[in-house]
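Working notes, beginning with the structure itself.
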Amino acid sequence: MGTIGIFDSGYGGLTIFNKIQKALPHYDYIYLGDNARAPYGTRSFEVVCRFTRQAVMRLFDEGCRLVILACNTASAKALRTIQQKDLPRLDPSLRVLGVIRPTVEIIDRISRTKHVGVLGTGGTISSQSYTIEIKNLFPHITVSGEACPMWVPLVENNESGSPGADYFVKKHLDRILSLDPAIDTLILGCTHYPLLMDKIKAFLPPGITLFSQGECVAESLTAYLVRHPEIDERLDKQGARRFLTTESADKFTGTASLFLNQPIEVEQITLN
Ligand code: DGL
C-alpha cells in the first residue's frame with residue numbers, strides 16, 4: 001500500500017494540497033516543501049530538474065506511489081524527464097503527475113474570446129510549457145505569458161496586502177493586458193498566486209476571469225483515480241497527513257498557517 005505525495009518548492013503547493021484533501025479527504029498524504037532551496041522560479045532548467053527528482057525519489061522512499069508536482073515550475077521543467085526516464089527504470093507502477101495539464105484541459109471552456117494570459121514564475125514562463133500545452137490541445141487559442149518574479153517573495157513575506165504589492169501586481173497585469181487586450185482569462189500559473197487573489201482582482205478590469213488551479217487539479221486527480229482503479233486500490237485511506245520540509249520545521253509551521261487552516265506537525269529532512 002502507499003501514500004499520495006505532494007511536492008512543491010516551498011509553501012505554494014499547500015494551496016493545491018488544500019483543494020486535494022477537501023476533494024479526497026480519506027487518502028493518506030505526505031507534503032514535501034523544499035523550502036531550503038526555494039524559490040525554484042529563478043533557477044535553471046537543470047537545477048530545477050535535479051532538485052525535483054531528488055524530492056520525488058525521497059517521496060517514493062517514504063512510501064508514496066503517486067506524486068503530484070504541485071509546483072508549476074517543477075511541472076514545467078522536470079515532469080517529462082521523470083515520467084520518461086526515471087519511472088520506467090524505477091517501477092513502472094509508480095506515477096508522477098503535474099499541474100499544468102489539468103489546468104490547460106479546461107481553459108477552452110472558460111475563455112470566450114480564446115485569448116488567454118498566463119502569469120507565472122520566470123522559469124515557468126520561459127519554458128513556454130503553458131503555450132505548448134495549450135497550442136497542442138487548443139490550437140485556436142492565443143496565449144501570452146508574463147513572468148511576475150516579485151509575487152512569490154511578496155506572499156512568502158506576508159506582504160500581499162501592502163502598497164508594495166499594489167505596485168508589482170498592477171505592473172504585471174498592465175503588461176500582460178497590453179500584450180494582448182483581447183485576453184478574457186488569466187491563469188494563475190504559480191501555486192503562490194491564489195494568496196494574491198484579492199489584490200489581483202482589485203486591479204483587474206471587469207470581464208476578465210482569474211483562473212486559479214487548485215480545484216481543477218483536485219478534480220483531475222479524482223477523475224484519474226476513478227479511471228485507474230489499479231492505482232487507487234494500492235493507496236492507503238486512513239486520512240493520515242505528514243509534512244516534510246528541508247528548512248526548519250518551526251519556520252514551516254509558522255508560514256504554513258498563511259496557506260492552511262489546520263494545525264500541522266512538521267519534520268525537517270535533507271535532500272540529496
Ligand atoms: N511553487 C512555484 C510554482 O508554482 C513557485 C515558487 C518558486 O519559485 O519556488 O511555480
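Note that this is a predicted model, so its numbers are computed, not measured. Start at 1 and go down the list; that is how both ligands and their atoms are numbered.
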Does E267 have any side chain to side chain contact (heavy atoms under 4.5 Å, CB included) partners at least two apart in sequence or in another chain, and if so, which?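 Side chain to side chain contact (heavy atoms under 4.5 Å, CB included) list for E267, sorted by chain: R242, L244.
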
If you measure every N/O of Y40 against every N/O of ligand 1, is any gap under 3.5 Å?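 Yes, Y40 has an N/O under 3.5 Å of an N/O on ligand 1.
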
G41, any N or O under 3.5 Å of ligand 1 N or O: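 Among all N and O atoms of G41, at least one is under 3.5 Å from an N or O of ligand 1.
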
For [X], the ligand 1 atoms whose distance to one of its heavy atoms is below 4.0 Å:
| X | value |
| --- | --- |
| P39 | 7 (C), 8 (O), 9 (O) |
| D8 | 1 (N) |
| T121 | 5 (C), 8 (O), 10 (O) |

Closest protein heavy atom to [atom], given as residue, atom name and distance to 0.1 Å:
| atom | value |
| --- | --- |
| atom 10 (O) of ligand 1 | T73 OG1, 2.6 Å |
| atom 6 (C) of ligand 1 | S9 OG, 3.5 Å |
| atom 5 (C) of ligand 1 | C190 SG, 3.4 Å |
| atom 3 (C) of ligand 1 | N72 N, 3.4 Å |

Classify the ring geometry of F243 against F17: parallel below 30°, tilted from 30° to 60°, perpendicular beyond 60°.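 Answer is perpendicular, since the angle exceeds 60°.
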
Main-chain N/O of D108 paired to S111 side chain as donor or acceptor, under 3.5 Å: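 Between the backbone of D108 and the side chain of S111 there is no qualifying donor-acceptor contact (under 3.5 Å).
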
Has the side chain of S75 got a donor or acceptor atom that lies under 3.5 Å from a matching backbone atom of V99?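 Here the side-chain-to-backbone pair exists.
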
In sequence, state the C-alpha distance, the side-chain angles, and the governing distance for D166 and K199, and then conclude on side-chain contact (heavy atoms from CB on, under 4.5 Å). CA-CA 7 Å; D166 286 8; K199 186 68 75 187; 2.5 Å; yes

Can you list every pair that meets side chain to side chain donor-acceptor pair (under 3.5 Å) and has a residue in residues 147-159, with sequence neighbours left out?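 Checked against side chain to side chain donor-acceptor pair (under 3.5 Å) - neighbours excluded - the pairs reaching residues 147-159 are E156-H192, E159-S162.
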
Return yes when C71 approaches ligand 1 closer than 4.0 angstrom through a heavy atom, no otherwise.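 Right, C71 reaches ligand 1.
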
So do the side chains of N72 and I100 get within less than 4.5 Å of each other, counting heavy atoms only?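 Yes, at least one pair of side-chain atoms sits under 4.5 Å.
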
